[in-house]
Amino acid sequence: MRDWGLGPPHQTTVVMDLDSDPTTARQSDFAFAFNDSNFSDRLLRIEIVGDPLHESFGCGALADWAARLCDLRTRDVVENQLDMRCSFAALDVNSGQEEHDAFDCQQPDVEDGIGDDNHDEVALKMIEDSPSGDEAAKDDSKLSEDESKVLRVKTLHISSPILAAKSPFFYKLFSNGMMESEQRDITLRISTTEEAAFMELLNFMYSNTLSINTAPALLDVLMAADKFEVISCMRYCSHQLRNLPMTPESALVFLDLPSSVLMGDAVQPLTDAAKHFLAARYKDVSKYQEEIMNLPLAGIEAVLCSDDLQVASEDAVYDLVLKWSRFHYQKLEERRDILCSQLGGYIRYPYMTGRKLKKLLTCNDFDCDFATKVVIDALFFKAEAPHRQRNHASEESTSTSRRFVERSYKYRPVKVIEFELPRQQCVVYLDLKRAECANLFPSGRVYSQAFHLGGQGFFLSAHCNMDQQSSFHCFGLFLGMQEKGSVSFAVDYEFAARSKPTEEYLSKYKGNYTFTGGKAVGYRNLFSIPWTNFIAEDSLHFINGILHLRAELTIKY
């Protein structure tokens, strides 16, 4: 007779998401089974060996952790990822000699026959021999001898299904048909600096939580989780680190993690938060010049990505990039390489002035081909119609460089057309968004970038001011000359603006003025209407939310 009553009543099968958001209710909590022989099918023997390169660094402060991370990254230059995983290779408990772990580490000249009596000896010899020469082999042998001294051993009861469900590393180790997958006793070798993090990681794989909450300890567990491919733990550590108070030092550490960690989706929210923190802290470039100069590459990149930099114009960003690169890369070849391959991509060339673009073409710090390309692209963008420029900016909004996205500049970009004959003349186009104009009320001003005529610098300024009888607010436009000695300059000028329904530029004011340094001239009520009419939703002067202004300047002789 069949027994249909197996298990408790109303028992259902639950499918659990092992990589669920750490902020949701915990699932698959097997903490009761951790190191319990009743719920385990294998024995894990953990050999802790010395790590002389790292023993001097503690985890008491984030700066210590950053120093140890720097040391680890230096060592990674000579160890690829496969070698690192082999340092955790499963060992034959009976023989004490190294076996190949779950990853395919077999040398091509080792003959088939994993069950051979001589296999252990051959594998050990291949690991010890160095292909880089006798001297290198001796150094590697000494290093291996120092690091292979087992300081202590921990033995734990483990459940292979639980570990395999959380980690592809352990899944391969237990299921790929290698000798390790058939053994009941598995040995892993870790260094002293990895011991605490590895024990926390094992506990997490059972309980989905950690007992530590400091940044250095969480970072250590994050690194261990990356090596053993426990994505859920990486996500958990990333979430916990984001909830801790961030500092410039911690943000820089998060951005300087090894590439294998940074490329993981689980850590992306943490690196994004670090970038946003640095961008917000250093957005006032003039206030933090010294700190910005001392930022590493990852830090300056985070700052340059921001749309909210408080800079006069993109010319200031160009100057900042050039100054930083000259400070950190004294050799021209190295500086040119970093500018053209990385930093130069963060400059938004279409919003640089024509004069600065000309300087870029002759700047020796940039590769000639690179400089030519970005200047041509910038000039083509400047020549585009405004709606096409907005389309380009929209398409680039998700790009890293965001080269066509306008920042919140102190001085608004302008488009300038210059003529030399028959008279020196320039036509300047200034576009202002409705929100920018609204923010001028009741007495604000917004200035344009400088433009040049006859060797002199000029600028436009839009105002919200009172009319001449001080009876109502209105929109005014003014033309000023940058102060430069006691030079006087006679100029004919004309202001115009697009208006509905024709959307053509219509002349609003003409005049002439002999400028001296620091003086400005214009019209207090450009449209001859009160401010409320000018800014209204049905205003004739905003076309798709943009106020289009034009100034035409001609030198008088």
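All figures in this text were calculated on a predicted structure; none of them were measured in a lab.
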**Asked** Going through the checks in order, is the ring pair (Phe, Tyr, Trp, His ring centres under 6.0 Å) test met by Phe404 and Tyr351?
**Response** CA-CA 8 Å; Phe404 295 135; Tyr351 297 100; 8.2 Å; no

**Request:** Go through the steps for Leu297 and Ile300 under the test side-chain contact (heavy atoms from CB on, under 4.5 Å), then give the verdict.
**Result:** CA-CA 5 Å; Leu297 179 60; Ile300 192 68; 4.2 Å; yes

**Prompt:** Which is it for Phe204 and Tyr236 under the ring pair (Phe, Tyr, Trp, His ring centres under 6.0 Å) test, yes or no, and what are the steps along the way?
**Reply:** CA-CA 10 Å; Phe204 179 89; Tyr236 182 93; 5.3 Å; yes

**Message:** Run the side-chain contact (heavy atoms from CB on, under 4.5 Å) test on Val285 and Leu320 for me, step by step, so that the C-alpha distance in whole Å, both residues' side-chain angles and the decisive distance to 0.1 Å come before the verdict.
**Reply:** CA-CA 9 Å; Val285 173; Leu320 171 65; 4.1 Å; yes

**Request:** Would you check, one step at a time, whether the test side-chain contact (heavy atoms from CB on, under 4.5 Å) holds for Leu322 with Cys363?
**Result:** CA-CA 10 Å; Leu322 208 56; Cys363 180; 4.1 Å; yes

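You'll find the ring centres of Phe515 and Phe458 inside the 6.0 Å limit. Aromatic pair Phe475/Phe527: centroids less than 6.0 angstrom apart.
No side-chain heavy atom of Val414 sits less than 4.5 Å from a side-chain heavy atom of Thr353. For the pair Met352 and Ser313, the minimum side-chain heavy-atom distance is 4.5 Å or more. At a threshold of 4.5 Å between non-hydrogen side-chain atoms, the residues Val221 and Leu210 count as touching. The side-chain heavy atoms of Trp531 and Leu440, taken from C-beta on, include a pair separated by under 4.5 Å. With contacts defined as side-chain heavy-atom distances shorter than 4.5 Å, the pair Gln425/Ile555 does not qualify. The shortest side-chain heavy-atom distance between Lys410 and Val311 does not fall under the 4.5 Å cut-off. Leu255 places a side-chain heavy atom less than 4.5 Å from the side chain of Leu278. Using a 4.5 Å heavy-atom threshold, the side chains of Cys426 and Phe451 count as touching.
Closest approach of Leu252 to Gly299, counting heavy atoms only: CD2-CA, 3.7 Å. Minimum heavy-atom separation, Val321 to Leu339: CG1-CD2, 3.5 Å. Nearest heavy atom pair, residue Leu549 against residue Tyr505, reads C-CE2, 4.0 Å. Closest of all the heavy-atom pairs between Leu262 and Gln268 is O-OE1, 4.2 Å. When all heavy atoms are compared, the tightest approach of Val230 to Ser167 is CG2-CB, 3.9 Å. Across all non-hydrogen atoms, the minimal contact from Pro168 to Lys166 is CD-O, 4.1 Å.
Separating the CD atom in Gln289 from the CH2 atom in Trp324 is a distance of 16.0 Å, to the nearest 0.5 Å. Atoms CZ and CG, from Phe472 and Asn533 in turn, are 9.0 Å apart once rounded to the nearest 0.5 Å. With rounding to the nearest 0.5 angstrom, the OG atom of Ser260 is 4.0 Å from the CG atom of Asp226. Rounding to the nearest 0.5 Å places CE of Met234 at 15.5 Å from NE2 of His239. Between Arg326 atom CZ and Leu332 atom CG the span is 9.5 Å, to the nearest 0.5 Å. Taking NZ of Lys500 as the reference point, atom CD of Glu503 lies at 7.5 Å (rounded to 0.5 Å).
Within a 6.0 Å radius of CZ in Phe441, more than 12 heavy atoms belonging to other residues, nucleotides or ligands are found. By the neighbour-count criterion of 12 heavy atoms within 6.0 Å, atom CZ of Arg388 is sparsely surrounded, having that number or fewer from other residues, nucleotides or ligands. Under a cut-off of 6.0 angstrom, the local environment of CE in Met263 is sparse, with at most 12 non-hydrogen atoms contributed by other residues, nucleotides or ligands.
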Hey, can you pull the donor-acceptor pairs under 3.5 Å for the side chains in residues 535-545, sequence neighbours left out?
unit_1: Ser539; atom_1: OG; unit_2: Phe534; atom_2: O; d: 2.8
unit_1: Ser539; atom_1: OG; unit_2: His541; atom_2: N; d: 3.2
unit_1: His541; atom_1: ND1; unit_2: Ser499; atom_2: OG; d: 3.3

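A search for ring-ring contact (aromatic ring centres under 6.0 Å, His included) contacts involving Phe495 returns Tyr493, not counting sequence neighbours. A search for salt bridge (Lys or Arg N to Asp or Glu O under 4.0 Å) contacts involving Lys373 returns Asp377, not counting sequence neighbours. Shown here are the salt bridge (Lys or Arg N to Asp or Glu O under 4.0 Å) partners of Arg524, two or more places apart in sequence or in another chain: there are none. Qualifying side chain to side chain donor-acceptor pair (under 3.5 Å) partners for Tyr429, counting only residues two or more places apart in sequence or in other chains: none. Legend: residues meeting side chain to side chain donor-acceptor pair (under 3.5 Å) with Glu494, ordered by chain and number and at least two apart, are Ser507. Annotation: ring-ring contact (aromatic ring centres under 6.0 Å, His included) contacts of Tyr282 (sequence neighbours excluded): Tyr288. In this structure Glu314 satisfies the side chain to side chain donor-acceptor pair (under 3.5 Å) test together with Arg407, Tyr409, sequence neighbours excluded. Checked against salt bridge (Lys or Arg N to Asp or Glu O under 4.0 Å), Glu436 has the following partners two or more places apart in sequence or in another chain: Arg412. Every residue meeting the side chain to side chain donor-acceptor pair (under 3.5 Å) condition with His548, not counting sequence neighbours, appears here in chain and number order: Asp431.
At least one donor-acceptor pair under 3.5 Å links the side chain of Gln330 to the backbone N or O of Phe327. In this structure, the side chain of Tyr349 engages the main chain of Gly344 through a donor-acceptor pair within 3.5 Å. In this structure, the side chain of Thr514 does not engage the main chain of Ala490 through any donor-acceptor pair within 3.5 Å. Counting only distance, with no hydrogens or angles, the side chain of Arg336 and the backbone of Asn364 share a donor-acceptor pair below 3.5 Å. Using a distance-only test at 3.5 Å, with no hydrogens or angles considered, a donor-acceptor pair links the side chain of Lys415 to the main chain of Lys382. In this structure, the side chain of Ser306 does not engage the main chain of Ala279 through any donor-acceptor pair within 3.5 Å.
A parallel orientation is assigned to the rings of Phe366 and Tyr318, their planes being inclined by less than 30° (bins at 30° and 60°).
One finds a salt bridge joining Lys356 and Asp319 here, because a Lys/Arg side-chain nitrogen approaches an Asp/Glu carboxylate oxygen to under 4.0 Å. The existence of a salt bridge linking Lys275 and Glu301 is excluded, since no basic side-chain nitrogen approaches an acidic carboxylate oxygen closer than 4.0 Å.
Residue pairs meeting the salt bridge (Lys or Arg N to Asp or Glu O under 4.0 Å) criterion with at least one member in residues 302-313, sequence neighbours excluded: Asp307-Arg348, Asp307-Arg402. For residues 457-476, the pairs satisfying side-chain hydrogen bond (donor to acceptor under 3.5 Å, both in side chains) are Arg445-His463, Ser461-His463, Asp467-Ser471, with sequence neighbours left out.
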